[in-house]
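Have a look at the structure below before the remarks.
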Amino acid sequence: MQGKVTPNSAVATGQGTATPLTARKSPRLSGRARMPGDKSISHRALLVSLLTVGPNEIEGLLEGEDVLATARACAALGASVEHGGPGRWRVRGAGIGSLLAPENPLDFGNAGTGTRLAMGVVAGHAIEAAFDGDASLRKRPMRRVLDPLLQMGAVVVAQEDGGRLPVRLRGAQDPIPIEYETPVPSAQVKSAVLLCGLAAAGTTTVIEKEATRDHTERMLRHFGAEIAVTKHGVHGSRIELKGRPELAPQKIVVPGDPSSAAFPLVAALIVPGSELVLENVLANSLRSGLLETLREMGASIEEVARSDEGGEAVVDLRVRASSLKGIDVPAERAPSMIDEYPVLAVAASFAEGETRMRGLSELRVKESDRLAAIADGLRANGVTCEISGDDLIVHGRGRAPGGGMVATHMDHRIAMSFLVMGLASEKPVSVDDATFVATSFPGFAEMMNSLGADIGPR
Ligand code: S3P
């Protein structure tokens with residue numbers, strides 16, 4: 001695929017026919033694989049480029065459906081977005097204060113991050129834009145982002161019940177810099193406020209009780225913004241952004257996504273005799289909760305190379321099949337591994353003993369109610385588990401019977417996690433619809449199969 005992205009290029013949001021997929025017990029996995037670009041950083045690379053004047057060069061962009069929807073939104077808001085080859089994109093921004101009002105609703109498909117970050121961008125501009133998405137995105141709460149943006153002067157012109165999509169937002173003529181303490185640990189809420197704050201005269205401050213991924217802060221700094229981060233309490237941070245910076249066009253190299261690497265990583269741990277090297281994985285302490293947890297469970301994961309990509313560290317990881325034991329995962333670790341609980345629950349099924357994952361309330365508002373989807377998927381495959389309050393408890397027996405059909409609820413991570421389970425369970429594991437895997441990990445099954453996995457049609 002090469003050429004120019006236009007606002008109306010077709011969006012493949014998986015609303016067509018469902019594609020079931022089955023994973024079967026596989027012989028040892030071996031080899032090396034390069035991880036696809038980080039989804040969080042890819043969205044930010046496009047949106048921050050939109051706010052510069054001049055050409056930005058992006059390498060390693062994730063070409064999943066979620067990020068492509070953000071690319072089309074950037075084009076609709078006035079950027080020129082050109083695809084130059086695999087992972088290579090050139091974005092000529094419109095600049096802070098010079099965005100265009102999009103003619104049609106911005107369709108974000110399945111992507112919560114794209115929607116919420118773009119709401120922040122639009123809220124800082126005197127334009128009106130409509131936001132919409134697929135059935136999963138239409139169920140997700142947007143009030144958490146709209147509340148602070150209203151304080152900054154934006155107006156919600158139309159919305160569904162509880163601030164759900166479709167939403168029509170009118171941005172502020174002269175956004176108000178605010179000090180905002182996020183009520184939930186959410187990098188999306190923090191980022192929306194900061195992106196709106198770019199257009200405000202004065203300092204916008206976000207305080208989080210528990211620090212969340214800091215890719216927006218790092219990227220804004222990379223583009224020349226003045227942003228100060230200090231500690232807040234034991235686990236939190238305070239971020240202060242000086243408004244109306246001159247953002248200079250940049251080259252951005254997007255590192256590989258640790259949330260995608262989590263799938264082959266857990267697969268290698270649970271398929272006996274496996275050894276994989278996963279290349280180009282972002283190493284950011286605010287994203288490393290899964291590695292820490294798996295190591296505590298006894299996983300053999302070794303860093304074999306380290307480099308630096310535009311302000312972010314990148315590592316190659318060697319992972320070997322390991323005997324795992326159940327552990328207690330503390331609630332304060334959740335922000336650094338929020339997307340990895342589905343695949344951790346799979347690893348916990350193959351561990352000996354109980355794994356208790358604490359403080360998972362945010363999992364209920366992801367692409368699906370992930371807490372329920374994980375528990376249902378485990379039970380369908382003969383694994384005993386319970387939900388107690390906001391905790392998930394998995395009773396690991398060192399093996400999983402498998403044999404179930406998992407309802408994925410339009411959720412890519414539920415689909416990939418249970419396909420990983422099927423590579424090591426006694427009977428095959430099927431997922432009812434693998435279409436949404438393309439939102440974050442295009443080519444997942446092909447890559448896994450190239451390493452020795454057996455994933456295919458039923
Ligand atoms: C993301 C933040 C997280 C995460 C999502 C990506 C981001 O969501 O689950 O996949 O890129 O900022 P929340 O901010 O809602 O926790």
Side-chain angles (χ1 to χ4, degrees), residues 18-29 262-274 276 290 293-294 297-299 319-329 340-357 360 363 368-388 391-409 411-434 437 444-445 448-449 451-458:
T19 312
L21 218 51
T22 297
R24 294 185 167 75
K25 202 174 181 69
S26 302
R28 62 186 287 270
L29 305 177
F263 301 108
L265 191 122
V266 169
L269 290 175
I270 63 175
V271 175
S274 297
L276 293 180
L290 179 73
T293 302
L294 289 172
M297 293 172 80
V319 48
R320 294 188 175 95
S322 306
S323 303
L324 302 176
K325 63 174 194 321
I327 60 158
D328 199 307
V329 188
E340 280 70 80
Y341 286 101
V343 79
L344 175 61
V346 169
S349 309
F350 288 88
E352 289 290 351
E354 179 182 302
T355 295
R356 186 175 192 120
M357 301 164 223
L360 305 188
L363 287 196
S368 66
D369 173 348
R370 274 190 187 152
L371 200 44
I374 296 170
D376 291 347
L378 293 177
R379 289 184 189 125
N381 288 290
V383 176
T384 311
C385 66
E386 289 125 72
I387 295 171
S388 166
D391 299 352
L392 174 67
I393 303 147
V394 177
H395 300 276
R397 282 187 289 149
R399 50 177 275 275
M405 165 63 87
V406 175
T408 51
H409 301 285
D411 188 328
H412 54 135
R413 299 201 199 279
I414 296 296
M416 286 185 277
S417 298
F418 283 98
L419 289 170
V420 165
M421 173 179 263
L423 302 179
S425 55
E426 282 140 31
K427 291 195 209 119
V429 173
S430 298
V431 299
D432 65 352
D433 189 6
V437 167
F444 165 74
M448 292 303 296
N449 288 348
L451 299 170
D454 181 355
I455 300 178
R458 299 187 70 197

Quiz item: How far apart are the closest heavy atoms of Leu29 and Ala453, and which atoms are they?
Solution: CD2-N, 3.5 Å
Practice problem: Rounded to the nearest 0.5 Å, what's the gap from CE on Met297 to OG on Ser322? Could you check? | Solution: 10.5 Å
Exercise. Might you work through the side chain to side chain contact (heavy atoms under 4.5 Å, CB included) test for Glu340 and Val266, ending with a clear yes or no?
Key: CA-CA 10 Å; Glu340 280 70 80; Val266 169; over 6 Å; no
Quiz item: Just by distance, do the side chain of Ser425 and the backbone of Lys427 share a donor-acceptor pair under 3.5 Å?
Solution: yes
Quiz item: Does His409 reach the side chain of Asp369, with side-chain heavy atoms less than 4.5 Å apart?
Solution: no
Exercise. Please identify each residue that fulfils salt bridge (charged side-chain N to carboxylate O under 4.0 Å, His left out) with Glu426, with sequence neighbours left out.
Key: Arg399
Self-check item: Minimum-distance pair of heavy atoms, taken over all atoms of Leu423 and Ala23
Solution: CD2-CB, 3.9 Å
Quiz item: Side chains of Leu392 and Leu363: closer than 4.5 Å at any heavy-atom pair?
Solution: no
Quiz prompt | CD-CZ distance between Glu386 and Arg379, expressed to the nearest 0.5 angstrom | solution = 8.0 Å
Quiz item: So do the side chains of Glu352 and Ser323 get within less than 4.5 Å of each other, counting heavy atoms only?
Solution: no
Quiz item: Is it the case that Ser26 and Asp454 place a side-chain donor and acceptor less than 3.5 Å from each other?
Solution: no
Practice problem: Taking side chain to side chain donor-acceptor pair (under 3.5 Å) as the test, write out the residues that go with Thr293, two or more places apart. | Solution: Arg333
Self-check item: For the student: nearest non-hydrogen atoms of Gly403 and Asn381, plus distance
Solution: N-OD1, 3.4 Å
Practice problem: Taking all heavy atoms of Ala415 and all of Asp433, pick out the closest pair and write down the distance. | Solution: CB-O, 4.1 Å
Quiz item: Do the side chains of Arg413 and Tyr341 get nearer than 4.5 Å, heavy atoms only?
Solution: no
Self-check item: Spacing of CG belonging to Leu371 relative to CG belonging to Leu360, to within rounding of 0.5 Å
Solution: 5.5 Å
Practice problem: Work out which heavy atom in Ser430 is nearest to a heavy atom in Thr22; give both atom names and the distance. | Solution: OG-OG1, 2.8 Å
Quiz item: At what distance, to the nearest 0.5 angstrom, does CG of Asp328 lie from CE of Met357?
Solution: 10.5 Å
Quiz item: Would you call Met416 and Val343 a side-chain contact if the rule is heavy atoms closer than 4.5 Å?
Solution: no
Exercise. Could you list the residues that satisfy salt bridge (charged side-chain N to carboxylate O under 4.0 Å, His left out) with Arg24, not counting sequence neighbours?
Key: none
Exercise. State, with a plain yes or no, whether a side-chain heavy atom of Val429 is found less than 4.5 Å away from one of Val420.
Key: no
Exercise. Ignoring hydrogens and angles, tell me if any N or O in the side chain of Asn449 forms a donor-acceptor pair with the backbone of Ile455 under 3.5 Å.
Key: yes
Self-check item: Distance in Å, Thr355 OG1 paired with Leu324 CG, rounded so as to fall on 0.5 Å steps
Solution: 8.5 Å
Quiz item: Looking only at heavy atoms, which two atoms of Val271 and Pro27 are closest? And how far apart?
Solution: CG1-O, 3.5 Å
Quiz item: What distance do Ile327 atom CD1 and Leu344 atom CG have between them, rounded to the nearest 0.5 Å?
Solution: 7.5 Å
Quiz item: Which of these passes side chain to side chain contact (heavy atoms under 4.5 Å, CB included) with Thr408: Val431, Leu419, Leu21, Val437?
Solution: Val431
